[in-house]
Every structure is written in C-alpha cells, then in structure tokens.
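Working notes, beginning with the structure itself.
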2 protein chains.
Amino acid sequence: MPKTTTLKDVASQAGVSYQTVSKVLNGKANVTPETESRIWDAVEMLGYKPNVSARNLRTQSSHLIGYAWRALDENRPVLDRFLYKAAQTAEEHGYHLLTFLIGSDDLMDTQTYQAMYDRRQVDGFLLADTNQNDPRIAYLIEQGIPFTSFGQANKNWDFCWVDVDGQDGIEQVVDHLLERGHQRIAMLGWPAESQTGQHREAGYRSKMKEAGLPLETEWMVRVDNTVQAGAEGVRQLLALPTDKHPTAVVCISDVIAIGAMNGLAAAGLQVGQDIAVTGYDDIPMSEFLHPPLTTVRQPITAVGQAVVDLLLKQINNQSIEQKGILLKPRLVVRRSSGVMRL
Amino acid sequence: MPKTTTLKDVASQAGVSYQTVSKVLNGKANVTPETESRIWDAVEMLGYKPNVSARNLRTQSSHLIGYAWRALDENRPVLDRFLYKAAQTAEEHGYHLLTFLIGSDDLMDTQTYQAMYDRRQVDGFLLADTNQNDPRIAYLIEQGIPFTSFGQANKNWDFCWVDVDGQDGIEQVVDHLLERGHQRIAMLGWPAESQTGQHREAGYRSKMKEAGLPLETEWMVRVDNTVQAGAEGVRQLLALPTDKHPTAVVCISDVIAIGAMNGLAAAGLQVGQDIAVTGYDDIPMSEFLHPPLTTVRQPITAVGQAVVDLLLKQINNQSIEQKGILLKPRLVVRRSSGVMRL
DNA sequence: AACGTTCGGGCGAACGTTCGCTTTACCCAT
DNA sequence: ATGGGTAAAGCGAACGTTCGCCCGAACGTT
C-alpha cells in the first residue's frame with residue numbers, strides 16, 4: 001500500500017505551511033502568484049488528492065446524496081434514466097449518489113433514513129416511487145432533513161418535489177384518439193392507491209367527459225404494472241359484450257401496453273388496425289415493437305436534474321423560488337394507435 | 001439543526017470516559033456488566049449514532065464500494081438485478097454502494113477510478129460490462145486496488161472475477177433445439193469484440209460441430225444489443241434463399257429475441273410454430289411475451305453476492321481460496337422454441 | 001521618528017472517532 | 001507488610017482537513 005500523500009507533504013515540498021496549501025486549494029488564500037504556483041506545482045508533482053473523510057469530518061458534510069432502492073420493479077427503465085441524470089447532475093456539483101436498500105415496512109424504512117442521516121453518511125435524500133401520505137416524506141419534513149422527491153404527495157405538505165404532469169399526458173393521448181375518431185376508449189390503469197395512477201386516470205376522465213362520452217366502469221380496468229397484467233386486462237375487455245368492445249385501449253405504462261398488445265394479438269386482433277393501443281413512458285423498446293407503440297415521453301432527464309438542483313439548494317441553504325415543479329410530457333405517435341376506420 | 005450527539009455526550013451521561021464508550025460499542029471493552037449496561041442505556045436514551053466521517057478518517061476506510069455506470073444500455077435489466085443483490089450483500093457487511101459515472105474514454109475512465117480511490121472515497125470497486133483487455137482492470141491490478149469484476153477478461157491477468165458460463169448456456173439451448181429436431185439453426189450474436197458474446201458463440205459452434213452440422217457463415221449474424229437490431233437480424237436471415245432459411249434462431253439476449261420475434265411476426269411467420277426463437281437472460285417480460293420466450297436464466301443474484309464477497313475479502317485482507325468463479329446458467333423452456341414438425 | 005494599514009502567510013484548534021498504553025484499585029500469595 | 005498480577009477504565013495521540021485569528025514585514029503617512 002503506497003503511502004498516501006497529504007497536505008503536509010505538499011506543504012513541505014512547496015516550502016509553506018500545510019494550512020496555506022489548504023487555503024490555496026480552496027481558493028481562499030491571499031498569497032503571491034509565485035507561492036501559489038509553487039504550491040500547484042507541488043500538488044501536481046505529488047499527485048495530491050484531498051482525503052474526503054477528513055474533509056467531511058471537518059466540514060460536517062458528506063457530499064453524498066442518499067437514494068433508496070425499494071425493490072426491482074417494472075418501473076426500472078424510468079427510474080434508471082432518472083437516476084443516471086441525477087447522478088450526473090450531482091457529480092457536476094461535487095456530490096455522489098449513495099445507494100441503500102429499504103423494504104416495505106414503513107417504520108423500518110423511516111428508521112433506515114434516520115440512521116443514514118444521523119450518522120452523517122448523506123447530506124440529503126432523493127425519493128422516487130412515493131405515495132400519497134408517504135410516511136418517509138412525513139418523517140423527513142418533520143425532522144427538517146433535506147430531500148426532494150420525484151412525484152408529488154399530500155397537497156398539504158410543504159416540501160420540494162418534481163413531477164411530470166400525468167393528467168396532461170393522458171389528455172394528449174385521449175385527444176389524439178378522439179381525433180382519429182375513436183369513441184369507445186378503454187383504459188388500463190394502476191391500482192387505485194397509486195397517486196401517479198390517479199393523475200393519469202384524471203386525464204382520461206376529463207377528456208372523455210369533455211368529449212361528451214360516457215365513462216363506462218367496465219372500460220376502466222386497474223392492473224399491476226406488469227406485462228402479464230396488461231394481457232389479463234385486455235382479456236377482461238374482450239370478455240365484454242361485442243357492442244361494448246373498445247376500439248382503443250389507453251395503457252398507463254408501456255409495460256402494460258406490451259402485455260395488452262400480446263393479449264390482443266393472441267385473440268387474433270391486429271393492433272393498430274383492428275384496435276388502437278397506447279402506452280406511457282416511451283421505454284427504449286417501444287419504438288421497435290410490432291407495431292411501434294404510440295406513447296408518452298416524460299422529460300425524465302429534466303426531472304433528474306431538477307430534483308438534484310432542488311436538493312442541493314436545500315443542503316446549501318440557498319433560496320428556493322419554487323418548491324414544486326410540474327413538467328409537461330410529450331405525445332409520441334407511432335403505428336399502434338393506427339388510423340381509425342370511420 | 002438539532003445538535004448531533006457524540007461519544008462525549010454518551011460518556012458524560014453514563015459517567016465514563018468517551019473512549020470507553022467507543023470500546024464498548026466496538027466490542028473491544030473490558031468492563032463490568034453494569035458499566036456496560038449503563039453505557040448502552042445512555043446510547044439508547046440519547047439516540048447516539050456514530051459519525052461515519054470521523055470513523056472513516058480514523059480507520060482510513062470509507063466502507064463504501066464504488067460502482068461505475070458507463071451508460072444506459074439495453075443490458076440494464078441484468079445489471080439492475082446484479083446491483084440490487086450486490087447492494088444487499090454489501091449492506092449485510094456494513095458497506096454501501098457509491099455510484100459514479102464514467103464515459104467511454106479509457107484514459108479518463110481510469111483517472112476517474114484513480115481519483116475515487118486516492119481520495120479514499122471508496123475502499124474498492126465493482127466492475128461490470130468489462131471487455132477483454134479492459135484498461136480499467138489493467139490499471140486496478142497494477143495499482144493493487146481491491147476490485148472484483150462481473151465478467152472475465154484477459155486469461156493472463158490475475159484478479160478476482162465472477163462470471164456465468166455463457167458457453168454452457170448456449171450449449172443447453174442448442175441441445176434443446178437439436179432434440180426437437182432442428183438442424184438449420186441460426187444465431188444472432190453480439191459484435192465480435194464482446195467477450196461475453198464470444199463465449200456464447202463458442203457454445204453454438206461447439207454443439208453444432210458436435211452434432212455434425214455445418215457452420216454456415218450466413219447463419220451467424222452479429223448485431224447490437226437492441227430490439228431494433230434483432231429485427232434487422234432476422235430480416236437478413238429471411239433474405240437468404242429459401243432452402244437456407246433457418247428453422248430456429250438462437251438469440252444472444254432476450255432483447256434481441258424480442259426484436260427477432262417482432263421481425264418474424266412482421267414477415268408473417270408464427271414464432272414457436274413456423275420457426276423457433278430462443279433468448280438469453282430471462283428478463284421479467286420474457287415469460288409474458290407472445291409466445292412466451294424460451295431463454296437462459298443466469299444466476300444473477302448469486303453473481304452479485306459472490307462478487308461482493310470476493311471484494312470484501314480483498315479489502316479486509318482475508319485469504320481467497322478461488323479467484324475466479326464460474327457459475328452455470330439454466331435453460332428455461334417456454335413456447336417460443338415450439339415443437340418441431342418432423 | 002513614530003504610527004496605522006495592508007499584504008502574505010503561520011499557528012492553534014477543532015471536527016468525532018479509534019487504539020495502544022498507562023494508571024488505579026483490588027485481590028491474593030508470599 | 002510487601003510485591004506481583006489482573007481487571008477496569010482513563011488518557012494521550014493521531015487520522016487529514018478547514019477556519020479564524022494572529023503576527024511580522026513592508027509601506028506610506030503625519
């Protein structure tokens with residue numbers, strides 16, 4: 001193990017005190033240009049890199065952002081993109097992402113967050129997959145711990161979040177289907193607890209209502225976010241009497257849409273021709289499905305960046321002009337929503 | 001900001017010196033049971049949590065494992081499972097995963113690893129998506145920095161790795177297809193640089209040879225790991241003269257298999273009936289494709305665990321009985337490999 | 001000639017641990 | 001009584017920084 005070089009090594013090389021080296025490195029020094037360059041030369045020569053533990057101890061901060069993985073679910077493609085951009089933004093500001101695991105036990109989970117923060121292992125948290133009344137959020141607010149969430153929560157809570165306007169996204173989808181002449185539009189949504197699901201569902205309801213179309217309860221099917229559940233969902237729709245068969249199925253995610261497309265193909269229907277299917281997320285594969293999937297693209301990288309920006313402002317006690325940021329998604333039309341035969 | 005409680009607080013509460021508290025907490029103390037319980041009570045009462053920065057500074061270790069994200073590629077489903085289990089195993093030993101980003105510039109990348117380690121920000125690294133002669137591996141070996149990789153590399157290099165026997169996996173696939181009577185078996189592989197791709201390809205070659213079947217060069221198509229490329233791959237196969245059309249397509253990954261299935265469906269072929277398709281990875285969706293995909297399931301969680309175990313042994317200077325671990329995958333038969341009509 | 005000011009840089013202290021060595025007190029054998 | 005041994009806990013130092021304050025020299029002013 002090669003001896004690690006410290007400030008003192010650099011100092012004796014440059015012929016100054018080690019504290020002066022520290023100041024120069026942090027740009028807080030008042031030194032002659034030649035002393036400064038002597039110091040930089042020494043730093044370069046010895047390949048000095050500051051020891052983060054020492055710095056963290058002194059500055060009482062870890063320059064680490066905690067992010068908890070709850071489980072490996074079907075939403076990973078979205079979360080991965082989110083995390084990637086978040087990590088990138090964090091690094092631009094000298095921070096890194098620290099991963100830890102939580103389960104599904106609310107009490108235990110908040111304790112995990114608490115432990116991480118109490119030990120000063122992280123300076124703050126990033127949350128995703130939050131629910132309405134998420135106990136983690138309640139806890140973090142109460143403790144005054146810096147955090148930002150991807151996703152809204154209880155309207156009465158005051159905290160930083162970034163979200164994509166799911167209602168708007170589905171409204172764009174339904175508008176698109178209405179334009180193509182569809183009237184019997186069904187929706188495969190998520191279980192009712194899901195807050196994100198509720199927002200997207202609201203988009204479906206509002207546009208159907210606006211178009212003067214009936215909100216048939218049979219057309220609103222709630223399923224888990226898996227391919228299998230999507231296939232099962234369309235099976236339910238196809239079990240309806242023929243005059244109630246939808247001509248379009250709005251799916252709340254691409255994963256479900258893939259299941260729906262499989263299920264419809266298995267029933268002998270040509271997606272994009274006999275029936276329209278739409279998704280949500282624009283996962284990489286969507287473009288290359290058979291047929292390519294009409295879907296909604298969320299500005300995930302913008303979310304990742306905004307979330308980290310907001311978090312760092314909290315950590316560094318900077319003023320925050322706007323605590324909640326709602327971004328608009330964008331409809332991506334492909335062949336799965338076909339052309340309606342009128 | 002509530003004042004953080006330190007060893008000294010606990011000590012004065014328990015009426016001992018703070019160093020004694022430290023010893024008790026680390027199980028290195030020689031104290032009367034009653035003193036010990038007084039200390040534990042104080043710890044409990046004040047909710048004391050050790051400050052990791054201070055501990056890290058003192059012990060010269062960060063209890064952090066570095067993992068670099070190279071990019072968001074189609075292999076994420078596998079890497080996510082790997083990472084999840086790695087994080088879990090790490091936590092069982094008091095370590096956490098620290099994420100950082102690298103690009104594709106070899107020199108810059110090794111510098112990033114170097115910087116992370118020199119600052120003592122991490123105690124070691126986990127690598128994935130490695131190539132033959134990966135410069136990161138060369139660098140880490142040379143510097144004597146602890147690391148373990150998911151995937152082998154240059155046979156002449158001496159380092160810790162865990163891998164899944166890709167040759168064996170594809171051999172199982174080909175055996176399965178041969179049993180079903182297939183003779184005209186094609187393969188969609190990865191670009192020739194990919195070491196993992198080479199291993200899997202070797203499985204194809206060896207079994208074809210063993211069965212006395214010709215290795216037609218047209219049946220070996222190399223494509224990128226995307227759905228699109230898979231579809232393009234089968235298009236090439238279908239462009240062959242009819243008597244050279246394969247009856248089975250062995251795909252090197254599920255992602256490519258999905259593309260292949262799409263491409264075949266688009267050409268009017270019934271996968272699992274007119275032609276067999278197999279994948280590799282058993283991504284969550286495979287089971288629910290149309291038809292369900294015959295594929296190879298890798299023991300990814302075992303890999304994640306083994307990789308971390310090996311790394312921690314290096315970090316803690318424990319003896320390592322075996323530096324390279326090769327695990328066997330398992331064939332999962334579903335309907336996409338159909339039943340050959342003989 | 002005596003006196004502020006400014007510049008360049010040194011110095012001590014502290015962040016919260018861990019760890020090895022010392023000290024105190026007590027017990028027992030001589 | 002004296003000494004040796006051990007158990008229990010204290011003590012000093014160190015890990016590598018950052019930060020505020022102090023100090024000496026050089027300078028110009030009255």
Side-chain angles (χ1 to χ4, degrees), chain A residues 1-40 42-43 46-64 94 115 117-121 123 316, chain B residues 1-40 42-43 46-64 94 115 117-121 123 316:
Chain A
M1 185 150 337
K3 191 192 169 311
T4 126
T5 95
T6 73
L7 277 182
K8 298 191 181 176
D9 300 323
V10 176
S12 68
Q13 171 75 25
V16 293
S17 76
Y18 68 93
Q19 294 97 331
T20 302
V21 177
S22 167
K23 284 176 187 167
V24 167
L25 264 52
N26 293 311
K28 306 190 174 180
N30 212 355
V31 291
T32 54
E34 75 175 305
T35 307
E36 171 143 9
S37 76
R38 263 205 337 275
I39 292 180
W40 282 115
V43 165
L46 301 174
Y48 169 77
K49 303 266 173 36
N51 178 307
V52 293
S53 294
R55 170 182 305 203
N56 291 343
L57 174 59
R58 180 60 233 233
T59 62
Q60 298 286 63
S61 74
S62 64
H63 283 254
L64 253 31
Y117 191 74
D118 285 352
R119 294 162 180 266
R120 293 296 181 274
Q121 193 142 29
D123 292 345
N316 300 315
Chain B
M1 183 148 340
K3 190 191 167 311
T4 128
T5 96
T6 73
L7 276 182
K8 297 191 181 176
D9 299 323
V10 176
S12 68
Q13 169 75 24
V16 293
S17 75
Y18 68 92
Q19 295 96 330
T20 302
V21 177
S22 166
K23 285 176 185 164
V24 167
L25 264 51
N26 292 312
K28 306 192 172 179
N30 214 353
V31 291
T32 54
E34 76 177 303
T35 307
E36 172 144 10
S37 75
R38 262 206 337 276
I39 291 178
W40 283 114
V43 165
L46 301 174
Y48 169 77
K49 303 266 173 36
N51 177 307
V52 293
S53 294
R55 169 179 304 198
N56 290 344
L57 173 59
R58 179 61 233 229
T59 62
Q60 298 286 64
S61 73
S62 64
H63 283 253
L64 251 31
Y117 191 74
D118 284 352
R119 294 161 181 267
R120 293 296 181 272
Q121 193 143 27
D123 292 346
N316 300 314

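Keep in mind that the numbers below use all heavy atoms, side chains included, and drop hydrogens, waters and symmetry copies. To find a chain, count down the sequence lines: A is the first, B the second, and so on, and within it residues start at 1.
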List the atom of [X], the atom of [Y], and the distance in Å for their closest heavy-atom pair.
X      : Y      : result
B:S22  : B:L7   : CB-CD1, 3.7 Å
A:D123 : A:H63  : OD2-N, 2.9 Å
A:S62  : A:Q121 : OG-O, 3.1 Å
A:T5   : A:Y48  : O-CD1, 3.4 Å

Does [X] reach a base, just sugar-phosphate, or nothing at all? Heavy atoms under 4.0 Å.
X     : result
A:N51 : sugar-phosphate
B:S22 : base
B:N56 : nothing
B:T35 : sugar-phosphate

[atom2] on [Y] to [atom1] on [X], rounded to 0.5 Å:
X     : Y     : atom1 : atom2 : answer
B:N56 : A:N56 : CG    : CG    : 8.5 Å
B:T20 : B:K28 : OG1   : NZ    : 14.5 Å
A:R58 : B:L57 : CZ    : CG    : 12.5 Å
B:N51 : B:T6  : CG    : OG1   : 9.5 Å

Exercise. Mapping A:T5 and A:K23 onto DNA chain D by nearest heavy atom, which one lands closer to the 5' end?
Worked result: A:T5
For this session: Using the test side-chain hydrogen bond (donor to acceptor under 3.5 Å, both in side chains), find all partners of A:Q60 that sit at least two apart in sequence or belong to another chain.
Result: none
For this session: Would you please name every residue forming a side-chain hydrogen bond (donor to acceptor under 3.5 Å, both in side chains) with A:T59, sequence neighbours left out?
Result: A:S61
Seminar exercise, completed: Parsed dot-bracket for DNA chain D after applying the Watson-Crick and G-U rules with both distances under 3.5 Å and | for other-strand partners is ||||||||||||||||||||||||||||||
For this session: Residues of residues 10-20 of chain A with any non-hydrogen atom less than 4.0 angstrom from an atom of DNA chain D: list those, numerically ordered, please.
Result: A:Y18, A:Q19
For this session: Report the residue from A:V16, A:D9, A:N26 that forms a side-chain contact (heavy atoms from CB on, under 4.5 Å) with A:V21.
Result: A:V16
Problem set entry | Length of the line joining B:R38:CZ and D:dA8:C1', which is rounded to integer Å | 12 Å
For nucleotides 4-6 of chain D, give me every protein contact, N/O to N/O, under 3.5 Å, one pair per line with atom names.
none

For this session: Could you tell me whether the phosphate oxygens of D:dC19, OP1 or OP2, come under 4.0 Å of any side-chain nitrogen or oxygen in A:K28?
Result: yes
Problem set entry | Span of DNA chain C, from the first to the last nucleotide whose atoms fall under 4.0 Å of chain B heavy atoms | C:dG16 to C:dC21
For this session: With B:R120 as the cation and B:Y117 as the aromatic partner, state whether NZ or CZ is under 6.0 Å from the six-membered ring centre and within 45° of the axis.
Result: yes
Exercise. Judged by atom type as modelled, is there a donor-acceptor pair below 3.5 Å linking the side chain of B:R38 to the main-chain atoms of B:A14?
Worked result: yes
